[in-house]
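Residue numbers start from 1 in every chain, and the chains themselves are labelled A, B, ... in the order their sequence lines are given, proteins ahead of strands.
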Amino acid sequence: MAHQLPDLPFATDALAPHISTETLDYHHGKHHRKYVDTLNQLIEGTEFENATLEDTIKKSSGKTFNNAAQVWNHTFYWNCLSGTGGGKPTGHLAEAIDAEFGSFDKFKEQFAAEAAGRFGSGWAWLVKDGTGKLSIMSTLNAENPMTDGLIPLLTCDVWEHAYYIDYRNARPNYVDAFWNVVNWEFVAKNFAADD
Amino acid sequence: MAYTLPDLPYAFDALEPYIDAKTMEIHHDKHHQAYVNKVNDAIKGNADLEAKSIEDLIAGLKSVPEGIRTAVRNHGGGHVNHSFFWPILKKDVKFGGPAAEAIEKELGGFDQFKEKFTAAATGQFGSGWAWLVVNNGKLEIMSTPNQDSPLTEGKTPIVGIDGWEHAYYLKYQNKRPDYVEAFFNVINWEKVGELYTAATK
């Protein structure tokens with residue numbers, strides 16, 4: 001069955017001024033859609049035609065992997081964002097972040113450095129491993145922590161198309177603004193899930 | 001001596017409407033400047049490296065100490081690639097001269113060059129460059145990820161297109177193929193001819 005472009009889980013103006021309507025129109029309506037369409041073309045008549053997106057990511061390579069992972073990454077990224085987001089995590093997630101990174105501010109600092117330092121195009125992630133231990137990482141282009149057996153909890157898209165309309169070359173300013181729209185409920189749900 | 005940002009050899013709006021003035025301004029004044037600053041930071045205090053031209057530094061990447069090699073590859077690559085890029089851009093220069101003759105002879109002509117170069121530029125996933133290079137006297141089309149330079153592979157670039165989104169996003173957004181199509185209107189074949197002649201001497 002063909003993969004579908006999911007609707008954004010918020011209105012396209014919900015994240016302004018941190019992420020503009022124009023950015024979301026292109027990012028979701030053009031970039032994300034193109035990954036979905038390209039993936040569907042690539043998998044037609046192949047072993048991946050009826051596979052789940054996750055299976056396709058874990059078992060494919062090259063163009064199929066790139067497009068499948070970008071479909072997943074973008075859907076996950078939208079879910080990490082909310083017009084009523086921002087603030088701080090609470091509960092077990094907050095405790096785990098404090099335990100691993102020292103404090104929420106230190107976590108933010110380390111995550112921002114990883115996001116700013118990812119050279120070229122890619123993604124910054126908060127992940128947990130099989131034992132529940134948290135870590136921060138970044139991946140190149142379409143790459144996804146799942147293929148290393150890690151569970152994504154939060155991501156920030158640092159491809160230039162994610163922020164160029166709003167922030168031009170100033171990626172750190174985009175990452176600063178990103179904190180205002182993080183959907184910590186979604187992150188906490190990912191943290192609580194057993195895998 | 002520290003590297004410095006070269007001036008653009010023309011006004012920001014010189015390539016309009018193919019590449020817009022705002023893009024040129026940010027691309028040169030912000031992106032290129034950041035590469036210059038960061039490669040200078042990376043090699044600071046290493047007199048042997050600081051004495052090299054940026055081309056020699058990147059061609060000799062393997063001899064750069066491991067601890068700073070990635071920073072030199074990325075930011076030094078960004079400096080050498082952008083320094084190369086600006087002078088090969090100019091509007092209204094006809095396809096002709098020694099590089100054009102070699103393209104006719106070795107690649108089957110402008111249309112075939114355009115087709116293959118476009119495929120390389122649009123097919124490079126993520127950030128990177130597409131190139132026409134001279135390798136052992138022969139023309140080749142290739143692409144590199146991020147700021148990797150053909151110089152590191154011993155190849156001499158004579159045409160290059162910056163395929164990073166920052167090179168085209170303000171004007172072309174998601175439409176990289178439209179930017180690549182426009183690029184063929186601003187290749188400075190006089191400069192490319194000089195580079196070809198120097199590379200095949």
Side-chain angles (χ1 to χ4, degrees), chain A residues 5 20-39 42 60-71 73-74 113 116-123 138-144 157-174, chain B residues 20-39 41-42 68-79 81-82 119 122-129 143-149 162-179:
Chain A
L5 177 70
S20 69
T21 300
E22 192 184 358
T23 291
L24 288 170
D25 281 343
Y26 280 112
H27 202 175
H28 176 260
K30 304 289 184 183
H31 290 278
H32 196 179
R33 182 182 302 280
K34 184 77 193 302
Y35 292 124
V36 172
D37 291 346
T38 305
L39 176 64
L42 288 167
S60 66
S61 61
K63 282 187 184 173
T64 299
F65 171 82
N66 284 341
N67 286 281
Q70 284 296 77
V71 171
N73 294 347
H74 282 89
R118 162 52 54 184
F119 193 74
S121 301
W123 299 81
S138 67
T139 57
L140 177 69
N141 291 341
E143 288 167 18
N144 183 297
D157 187 348
V158 294
W159 283 58
E160 288 174 323
H161 66 231
Y163 61 87
Y164 213 77
I165 290 171
D166 300 331
Y167 299 96
R168 309 291 200 257
N169 59 300
R171 190 192 289 183
N173 294 352
Y174 155 69
Chain B
D20 61 286
K22 182 53 87 178
T23 294
M24 291 303 293
E25 183 184 341
I26 300 173
H27 200 174
H28 176 267
D29 290 5
K30 302 290 184 183
H31 290 278
H32 192 171
Q33 181 72 64
Y35 292 125
V36 171
N37 295 346
K38 288 178 180 176
V39 68
D41 285 350
I68 59 168
R69 196 178 300 156
T70 298
V72 169
R73 174 181 171 183
N74 290 344
H75 304 299
H79 179 32
N81 290 341
H82 286 86
T122 55
Q124 175 64 46
F125 190 75
S127 299
W129 292 72
S143 64
T144 56
N146 292 335
Q147 294 296 354
D148 289 358
S149 164
D162 188 343
W164 283 55
E165 288 174 323
H166 68 232
Y168 62 87
Y169 209 79
L170 296 182
K171 185 174 174 72
Y172 297 97
Q173 293 87 35
N174 58 303
K175 299 177 286 295
R176 191 193 286 187
D178 290 0
Y179 158 67

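Within 6.0 Å of atom CZ in A:R33, 12 or fewer heavy atoms from other residues, nucleotides or ligands are found, so the atom counts as exposed in its surroundings. Shown here is A:R118, whose CZ atom has more than 12 heavy atoms of other residues, nucleotides or ligands within 6.0 Å.
Counting heavy-atom pairs closer than 4.5 Å to chain A, the top residue among B:H27, B:H166, B:H31 is B:H166. Chosen from B:N74, B:I26, B:N146, the residue pairing most often with chain A at heavy-atom distances under 4.5 Å is B:N74. Most heavy-atom pairs under 4.5 Å with chain B: of the set A:E160, A:K63, A:R168, this distinction falls to A:E160.
From A:Y163, atom OH reaches atom CD of B:E165 across 8.5 Å, with rounding to the nearest 0.5 Å. In this structure, CD in B:Q124 is found 8.0 Å from CG in A:N141, a value given to the nearest 0.5 Å. Separating the CG atom in B:N174 from the NE2 atom in A:H27 is a distance of 10.5 Å, to the nearest 0.5 Å.
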Let's go through A:Q70 and B:F125 carefully: what are the C-alpha distance in whole Å and the side-chain angles of both, what is the deciding distance for side chain to side chain contact (heavy atoms under 4.5 Å, CB included) to 0.1 Å, and is it a yes or a no? CA-CA 11 Å; A:Q70 284 296 77; B:F125 190 75; 3.8 Å; yes
Applying side chain to side chain contact (heavy atoms under 4.5 Å, CB included) to A:H161 and B:Y169, what does each step give before you reach the verdict? CA-CA 7 Å; A:H161 66 231; B:Y169 209 79; 3.5 Å; yes
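Sorted by first then second residue, the salt bridge (charged side-chain N to carboxylate O under 4.0 Å, His left out) pairs that include residues 22-34 of chain B, not counting sequence neighbours, are B:K22-B:E25.
Neither the backbone nor the side chain of A:A170 comes within less than 4.5 Å of any heavy atom in chain B.
Take B:H75 and apply the ring-ring contact (aromatic ring centres under 6.0 Å, His included) test, not counting sequence neighbours, and it matches A:F119.
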